[in-house]
Amino acid sequence: MERYYQPEIECASREEIKALQDERLVRQVRHVWENVPYYRKKMEEKGVTPDDIRSSDDLHKLPFLSKADLREAYPYGLMGMPLKDCVRIQSTSGTTGKRVVAFYTQHDIDLWEDCCARAIMAAGGTNEDVCQVSYGYGLFTGGPGLNGGSHKVGCLTIPTSSGNTERQIMFIQDLSATILCCTPSYAAYIGETMKEMGLGPDDIPLKAGIFGAEAWSQEMRREIENTLGIKAYDIYGLTELSGPGVSFECSAQSGMHVNEDHFIAEIIDPETGEVLPEGSQGELVFTSITKEAFPLIRYRTRDICTLTREPCPCGRTHVKMTKPQGRTDDMLIIRGVNVFPSQIETVLLNHGYPANYQIIVDRVKNTDTLDVQVEMTPEMFTDNLGDIAQRQKELVEGLRSMLGLTAKVTLVAPKSIVRSEGKAVRVIDKRKI
Ligand code: DLL
């Protein structure tokens, strides 16, 4: 049986959703015009005023915001409310340049937690469930967001945060956790540790997992589902818009419903900025129509995916986005060929390797090099060099047919690639160092 947290909105008719978006967008644009001088200036430069925005059909007239704008306006330049009305900040990990700091009023947090509650109920959660939140808590939005959603559903919430993997497994067993929330790479690591402890899927009560915050392939989903004996659901979001729960997967497990009463999604051509028709692949752009403290209009996420309004068997009517294949800035250009790390992951998992790999890109004598280091499973591990050479050759072939270029493959011993408790670092691009 499909469960909804807010059925009247999650299953509203397309006309109702459009009407709600129209009204909220008009109000939001006025709010931003009056309270966010940074964006008002952008609108003035484009010659747009709030009077030009009469419905969501006019969205395309508004200027984009990008990560560069967020950096320029850091820390307070994009706030829509006085600091005294804000109760929280969250922040991105900020591996490059300045961190993004996002502000929330109590109302913003309330709506964000509703979105996470929708995701938990879509994964089958009820107040009878025990929900273990193993995303990091703190500045990262994963822990706080799903913690809030879990409370709203009424689950018994175990706020373990990430790390201390054996203790995670102990809690799952001792407190009968039924839902696990963490990054997919951490879920895989928990599965691996369970195996080492001699535990199989029947030894734990988990039934569902809500995994996101990084790109993961369908092959990785199958792997995690088998090791943990669960259904694994995808969840998407970003700090700039709130955190997890911008979109989430339902029982159909075929794309994530965008919470369209809070966010309007568009797909654009990343080169030209032109809005693309439904079904086209491009860069995802979001407008937050209910956020008060940090209201972003036409924010370019750099995530690449497609949108579809095909009816969903779950009964939800909100538009679905495909799993982001990666970010425009994750995409590697190697000897002129576009490569997403997720394509490499697909090849490795299809050949029976675990999702423990690292992609090292460099430039030697003016030519790009791609070295994929892949961990063997303990069963594959051997000192027969002929065997290893044969395996490497098979992977080079598999990668060539997927990517159309030749990579070097190095098989490494089990456990030699560092495990991630949060977002995994898959790519080391030495050309940028
Ligand atoms: O990762 C929020 C989040 C927490 C989402 C927990 C889901 C679960 P940031 O750290 O700001 O926020 O990173 C946002 O992560 O633009 C995507 O590139 C990537 N991302 C998030 N979810 C997914 C997903 C959180 N399900 C950035 N699939 C986004 C692929 C994802 N990429």
Side-chain angles (χ1 to χ4, degrees), residues 65-67 70 89-102 104 112-113 115-116 118-120 122-123 131 133-150 161-162 179-187 209-218 220-221 224 232-249 253-259 263 265 270 283-286 288 294 296 299-306 320-331 340-343 345 355 420-427:
L65 277 172
S66 67
K67 190 119 174 174
L70 265 61
I89 69 148
Q90 302 284 164
S91 173
T92 59
S93 46
T95 40
T96 52
K98 280 241 160 69
R99 282 171 173 271
V100 169
V101 175
Y104 303 74
W112 173 29
E113 292 178 351
C115 291
C116 291
R118 289 179 193 175
I120 293 171
C131 180
V133 183
S134 311
Y135 285 109
Y137 281 64
L139 288 170
F140 179 55
T141 53
L146 281 139
N147 192 91
S150 174
S161 193
S162 59
I179 300 177
L180 174 68
C181 306
C182 62
T183 60
S185 49
Y186 195 42
I210 303 177
F211 306 132
E214 60 184 358
W216 54 309
S217 58
Q218 294 294 357
M220 187 153 170
R221 188 208 300 263
I224 295 173
Y233 297 86
D234 205 350
I235 183 167
Y236 168 89
L238 52 163
T239 314
E240 295 90 317
L241 293 173
S242 57
V246 170
S247 66
F248 61 92
E249 232 173 21
Q253 288 182 304
S254 61
M256 295 176 272
H257 291 281
V258 174
N259 282 309
F263 307 102
E283 181 180 350
L284 189 56
V285 172
F286 280 113
S288 53
F294 204 64
L296 298 189
Y299 181 63
R300 295 185 59 158
T301 63
R302 296 169 301 163
D303 292 319
I304 300 291
C305 69
T306 60
K320 284 204 287 196
M321 58 180 268
T322 52
K323 243 177 199 312
Q325 205 186 4
R327 300 167 72 118
T328 45
D329 43 2
D330 271 354
M331 189 182 77
F340 279 106
S342 56
Q343 294 175 297
E345 180 175 300
S420 161
E421 294 169 353
K423 300 192 193 219
V425 179
R426 306 284 195 198
V427 180

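Just so it is clear, the values below take in all heavy atoms, side chains as well, and ignore hydrogens, waters and symmetry mates. When a ligand or atom number is given, it counts from 1 through the structure's own listing order. Computed from a predicted model, the values in this text were never measured in an experiment.
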Return yes if some donor-acceptor pair links the side-chain N/O of K323 with the main-chain N/O of W216 below 3.5 Å, else return no.
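A pair under 3.5 Å: yes.
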
Backbone of T306 reached by a side-chain donor or acceptor of T322 within 3.5 Å
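Here the side-chain-to-backbone pair exists.
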
With S161 via side-chain contact (heavy atoms from CB on, under 4.5 Å) - residues at least two apart
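Testing S161 for side-chain contact (heavy atoms from CB on, under 4.5 Å), a comparison that skips the adjacent residues, returns Y137.
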
Tell me the closest heavy-atom pair linking I235 and A119, and the distance in Å.
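So the two residues come closest at CD1-CB, 3.7 Å.
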
Can you tell me how the ring of F263 sits relative to the ring of F286, calling it parallel under 30°, perpendicular over 60° and tilted otherwise?
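Perpendicular.
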
Determine, stepwise, if the pair F211 / L180 fulfils side-chain contact (heavy atoms from CB on, under 4.5 Å).
CA-CA 8 Å; F211 306 132; L180 174 68; 4.1 Å; yes

Let me know which protein residues bring a heavy atom to under 4.0 Å of ligand 1; chain then number is fine for ordering.
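For ligand 1, the contacting residues are T92, Y135, F140, T141, G142, G212, A213, E214, A215, D234, I235, Y236, G237, L238, T239, E240, P244, D303, P324, R327, K423.
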
